[in-house]
**Student:** 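Got a structure for you, questions after.
In listed order, ligands and their atoms are each counted from 1. Along the sequence shown, the residues carry numbers beginning at 1.
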Amino acid sequence: MARRPQKTVLITGTSSGIGRASALALAEAGYRVYAGVRRDSDAQSVASLHNAISSLMLDVTKPGDIAAARATIETGCGAAGLYALINNAGHNYTAPFECTDMAKARALMETNFFGLCALTQSVLPALRQGAIAHRRRAKIVNIGSIGSLIGVPWEPYYHASKFALIGISESLRHEVMKQRISVSVVCPGGIKTPFISKSGAESAAVADRLSPAHRHLYAKGLSRFERLVRAVDQNGSPPEAVAKAILGLLAASHPPFRKIVGTDAWTMASLRWLLPRPVFHTLIRSIFAP
Ligand SMILES: NC(=O)c1ccc[n+]([C@@H]2O[C@H](COP(=O)([O-])OP(=O)(O)OC[C@H]3O[C@@H](n4cnc5c(N)ncnc54)[C@H](OP(=O)(O)O)[C@@H]3O)[C@@H](O)[C@H]2O)c1
């Protein structure tokens with residue numbers, strides 16, 4: 001019997017954190033990995049992790065990068081197609097809604113939402129080919145957040161981007177199910193990655209720049225938020241926990257739509273489902289906006 005071709009995975013945002021840990025875990029599990037980065041130094045660093053990893057210059061907000069990535073995937077995978085796309089690239093933006101810099105909010109949506117959509121749209125033909133070649137559902141895995149299910153104060157546009165990701169993923173899942181492509185969203189809680197230190201530093205910087213009127217309204221909440229974010233550096237799950245969840249989704253014949261990762265995320269999601277909404281919202285405000 002002819003051997004099945006090696007399965008290829010494209011993952012974005014692999015310079016650090018969840019993306020880097022997942023690229024390595026995927027390669028160690030036997031996948032061939034195209035790892036998206038934005039800098040030459042990161043390209044060398046991620047490719048040096050494992051000989052099954054090839055780096056790819058891929059800023060998801062740049063149509064030229066997306067077209068080049070598609071061409072590389074189609075040439076590199078040929079008839080074997082692409083087995084999985086992991087949309088991991090993302091960043092945060094902390095600021096009270098009233099103090100939002102709209103250019104920053106739009107830039108966030110370009111990466112966390114529109115970039116993800118544009119890349120997915122571009123590689124759907126390669127995923128369809130992957131499903132045929134491997135006689136198995138091809139996979140799209142979008143890295144959401146517990147913030148895709150629960151909105152907390154001080155990063156409203158981050159939550160908007162991650163809630164939007166649930167909507168697009170659910171809709172797309174229905175559209176492509178008959179094409180033997182599954183769509184799942186991973187919803188991690190706090191994960192110890194550079195994302196956390198960047199978010200903590202950003203909240204502190206935003207608090208420093210508040211006008212006197214806004215300081216009166218928002219400084220206390222932002223300072224609480226900064227402390228909570230920094231606590232993830234001690235208590236958060238390792239990025240390998242998300243990598244493990246991704247591996248599980250890629251191995252499953254019928255992957256679930258949503259995969260929650262981390263005890264903190266499970267606790268928050270359970271409280272959200274069990275408590276009456278007003279009680280849950282009071283709890284959220286007591287934690288995040290004293
Ligand atoms: N850490 C957490 O607690 C947590 C919790 C829930 C969900 N998440 C999600 O997990 C994902 C990965 O985050 P992380 O925690 O691993 O943080 P991270 O270490 O900061 O990694 C983010 C990655 O995204 C890349 N990226 C940012 N903008 C990009 C763009 N326009 N195009 C391509 N790549 C871009 C970054 O590349 P550069 O180095 O070039 O900027 C980096 O490789 C994000 O979607 C985040 O929202 C994180």
**Student:** If I take atom OH from residue Tyr31 and atom OH from residue Tyr83, how far apart are they, to the nearest 0.5 angstrom?
**Tutor:**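 Going from OH on Tyr31 over to OH on Tyr83, the span is 5.0 Å.
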**Student:** Are any of the heavy atoms in Ala21 under 4.0 Å away from ligand 1?
**Tutor:** no
**Student:** What about Val60: any of its N or O atoms under 3.5 Å from an N or O on ligand 1?
**Tutor:**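 So ligand 1 has an N or O lying under 3.5 Å from an N or O of Val60.
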**Student:** Check for a donor-acceptor pair, side chain of Lys139 on one end and backbone N or O of Pro255 on the other, with a separation under 3.5 Å.
**Tutor:** no
**Student:** Between Arg230 and Ser199, do the side chains contain a donor N or O and an acceptor N or O under 3.5 Å apart?
**Tutor:** no
**Student:** Tyr158 to ligand 1: N or O pair under 3.5 Å?
**Tutor:** yes
**Student:** Would Glu74 and Arg70 count as a salt bridge (Lys or Arg N to Asp or Glu O under 4.0 Å) here? Give the steps.
**Tutor:** CA-CA 6 Å; Glu74 288 181 354; Arg70 174 185 177 161; 2.9 Å; yes
**Student:** Please work out whether any backbone atom (N, CA, C, O) or any side-chain heavy atom from C-beta onward of Asn88 is under 4.0 Å from ligand 1, and answer side chain, backbone, both or neither.
**Tutor:**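 Within the 4.0 Å criterion, Asn88 contacts ligand 1 through backbone and side-chain atoms alike.
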**Student:** For ligand 1, is there an N or O atom under 3.5 Å from any N or O atom of Ile18?
**Tutor:**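 In this structure, Ile18 places an N or O atom under 3.5 Å from an N or O of ligand 1.
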**Student:** Does Lys192 approach ligand 1 within less than 4.0 angstrom via side chain, backbone, both or neither, non-hydrogen atoms only?
**Tutor:** neither
**Student:** Rounded to the nearest 0.5 Å, what separates atom CD in Glu110 from atom OG1 in Thr61?
**Tutor:** 7.0 Å
**Student:** So if I apply the side chain to side chain contact (heavy atoms under 4.5 Å, CB included) rule between Leu58 and each of Leu119, Ile11, Val37, which one comes out positive?
**Tutor:**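 It is Leu119, the one option of Leu119, Ile11, Val37 that forms the side chain to side chain contact (heavy atoms under 4.5 Å, CB included) with Leu58.
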**Student:** May I ask you to identify the nearest protein heavy atom to atom 6 (C) of ligand 1, giving residue, atom name and distance to one decimal place in Å?
**Tutor:** Pro188 O, 3.5 Å
**Student:** Tell me: protein heavy atom nearest atom 17 (O) of ligand 1, and distance?
**Tutor:**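 Here the closest protein heavy atom is Phe195 CB, 3.2 Å.
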**Student:** I'd like to know whether ligand 1 has Leu58 as a neighbour, heavy-atom separation below 4.0 Å.
**Tutor:** yes
**Student:** Heavy-atom contacts with Gly17 under 4.0 Å: which atoms of ligand 1 show up? List them by number with element.
**Tutor:** 16 (O), 19 (O)
**Student:** So which heavy atom in the protein is nearest atom 22 (C) of ligand 1, and how far is it from that ligand atom?
**Tutor:**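 Of every protein heavy atom, Gly90 O, 3.5 Å lies nearest to atom 22 (C) of ligand 1.
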**Student:** Report yes or no: does a heavy atom of Gly144 sit under 4.0 Å from some atom of ligand 1?
**Tutor:**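 So Gly144 counts as touching ligand 1.
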**Student:** Just how far is it from atom SG of Cys117 to atom CE of Met109, taken to the nearest 0.5 Å?
**Tutor:**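 CE of Met109 is found 9.0 Å from SG of Cys117.
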**Student:** Would you give the length of the straight line joining atom CE of Met102 to atom OG1 of Thr100, rounded to the nearest 0.5 angstrom?
**Tutor:** 6.5 Å
**Student:** Taking the inter-plane angle between the rings of Tyr218 and His214 on a 0 to 90° scale, is it parallel (under 30°), tilted (30 to 60°) or perpendicular (over 60°)?
**Tutor:**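 Ring orientation of Tyr218 relative to His214: tilted.
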**Student:** Does Lys162, backbone or side chain, put an N or O under 3.5 Å from an N or O of ligand 1?
**Tutor:**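 The answer is yes, given that Lys162 and ligand 1 share an N or O pair closer than 3.5 Å.
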**Student:** Closest non-hydrogen protein atom to atom 9 (C) of ligand 1, residue and atom name please, with distance?
**Tutor:**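 I find the closest protein heavy atom is Ile143 CG2, 3.9 Å.
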**Student:** Backbone N or O of Gly167 within a donor-acceptor pair of the Ser171 side chain at under 3.5 Å?
**Tutor:** no
**Student:** Can you name the nearest heavy-atom pair linking Val206 to Pro96, along with the distance?
**Tutor:** CG1-CD, 3.9 Å
**Student:** Looking only at heavy atoms, is any part of Lys198 under 4.0 Å from ligand 1, and if so is it the side chain, the backbone, or both, or is it neither?
**Tutor:**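 Side chain only.
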**Student:** Starting from atom 19 (O) of ligand 1, which protein heavy atom do you reach first, and at what distance in Å?
**Tutor:**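 Among all protein heavy atoms, the one nearest atom 19 (O) of ligand 1 is Ser16 OG, 2.7 Å.
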**Student:** Should Ile191 be counted as touching ligand 1, given the test is an N or O pair under 3.5 Å?
**Tutor:**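 Such a contact does occur with ligand 1.
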**Student:** Heavy atom of Gly115 under 4.0 Å from ligand 1?
**Tutor:** no
**Student:** Nearest heavy-atom pair of Met177 and Arg137: which atoms, and what distance?
**Tutor:** SD-NH1, 3.4 Å
**Student:** Under 3.5 Å, N or O to N or O, is Ser145 touching ligand 1 that way?
**Tutor:** no
**Student:** Using a strict cut-off of 4.0 Å, indicate which atoms of ligand 1 neighbour a heavy atom of Gly190.
**Tutor:** 3 (O)
**Student:** Does the gap between the ring centers of Tyr158 and Phe195 come in under 6.0 Å?
**Tutor:**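 Between Tyr158 and Phe195, the centre distance is under 6.0 Å.
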**Student:** Does ligand 1 come near enough to Gly13 that some N or O of the ligand is less than 3.5 Å from an N or O of the residue?
**Tutor:** yes
**Student:** Testing the basics here: between Glu155 and Asn92, what is the closest heavy-atom pair and its distance to 0.1 Å?
**Tutor:**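 Of all heavy-atom pairs spanning Glu155 and Asn92, the closest is OE1-ND2, 2.7 Å.
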**Student:** When rounded to the nearest 0.5 angstrom, what is the spacing between CD1 in Ile140 and OG in Ser182?
**Tutor:**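 Ile140 atom CD1 to Ser182 atom OG measures 7.5 Å (nearest 0.5 Å).
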**Student:** Under 4.0 Å from a heavy atom of Arg39: give me the atoms of ligand 1 that qualify, with their elements.
**Tutor:** 38 (P), 39 (O), 40 (O)
**Student:** Thr14 heavy atoms, cut-off 4.0 Å: which ligand 1 atoms fall inside?
**Tutor:**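 Counting atoms of ligand 1 from 1, those under 4.0 Å from Thr14 are 43 (O).
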**Student:** So which protein heavy atom does atom 27 (C) of ligand 1 come closest to, and at what separation?
**Tutor:** Arg38 NH2, 3.7 Å
**Student:** Any sub-3.5 Å donor-acceptor pair from Trp273's side-chain atoms to Met268's backbone N or O?
**Tutor:**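 Not a single qualifying donor-acceptor pair exists.
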**Student:** Run Thr12 and Asn87 through side-chain hydrogen bond (donor to acceptor under 3.5 Å, both in side chains) and show every step you take.
**Tutor:** CA-CA 6 Å; Thr12 62; Asn87 283 307; 4.6 Å; no
**Student:** Would you mind listing which atoms of ligand 1 come within a distance below 4.0 Å of any non-hydrogen atom of Gly189?
**Tutor:** 3 (O), 5 (C), 6 (C)
**Student:** If I compare all heavy atoms of Arg173 with all of Val183, which pair ends up nearest, and what's the gap?
**Tutor:**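 Heavy atoms of Arg173 and Val183 come nearest at NH1-O, 2.8 Å.
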**Student:** For ligand 1, which atoms have a heavy atom of Ser15 less than 4.0 angstrom away?
**Tutor:**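 Those qualifying, in numeric order: 36 (C), 37 (O), 38 (P), 39 (O), 42 (C), 43 (O).
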**Student:** Please write down residue, atom name and distance for the protein heavy atom closest to atom 35 (C) of ligand 1.
**Tutor:** Ala89 CB, 3.5 Å
**Student:** Give the atoms of ligand 1, by number and element, whose distance to some non-hydrogen atom of Ile196 is under 4.0 Å.
**Tutor:** 3 (O)
**Student:** Ligand 1 versus Asp59, non-hydrogen atoms closer than 4.0 Å: side chain, backbone, both, neither?
**Tutor:** both
**Student:** Hey, does Pro239 sit under 4.0 Å from ligand 1 if you only count heavy atoms?
**Tutor:**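 Pro239: no contact with ligand 1 (<4.0 Å).
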**Student:** Heavy-atom contacts under 4.0 Å between Asn92 and ligand 1: side chain, backbone, both, or neither?
**Tutor:** neither
**Student:** Just let me know how Glu110 lines up against ligand 1, side chain, backbone, both or neither, with a heavy-atom cut-off below 4.0 Å.
**Tutor:**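 Answer for Glu110: neither.
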**Student:** Work out which heavy atom in His50 is nearest to a heavy atom in Leu24; give both atom names and the distance.
**Tutor:**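 Smallest heavy-atom distance, with atoms named: CB-CD1, 4.3 Å.
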**Student:** Strictly under 4.0 Å, does any heavy atom of Gly36 approach an atom of ligand 1?
**Tutor:** no
**Student:** In terms of atom number and element, which parts of ligand 1 are under 4.0 angstrom from non-hydrogen atoms of Thr61?
**Tutor:**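 Heavy-atom distances to Thr61 below 4.0 Å select 31 (N).
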**Student:** Are any of the N/O atoms on Thr193, whether in the backbone or the side chain, positioned under 3.5 angstrom from an N/O atom of ligand 1?
**Tutor:**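 Such a contact does occur with ligand 1.
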**Student:** Of all heavy-atom pairs between Cys77 and Arg32, which one has the smallest distance, and what is that distance?
**Tutor:**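 For Cys77 and Arg32, the tightest heavy-atom pair comes out as CA-NH1, 4.2 Å.
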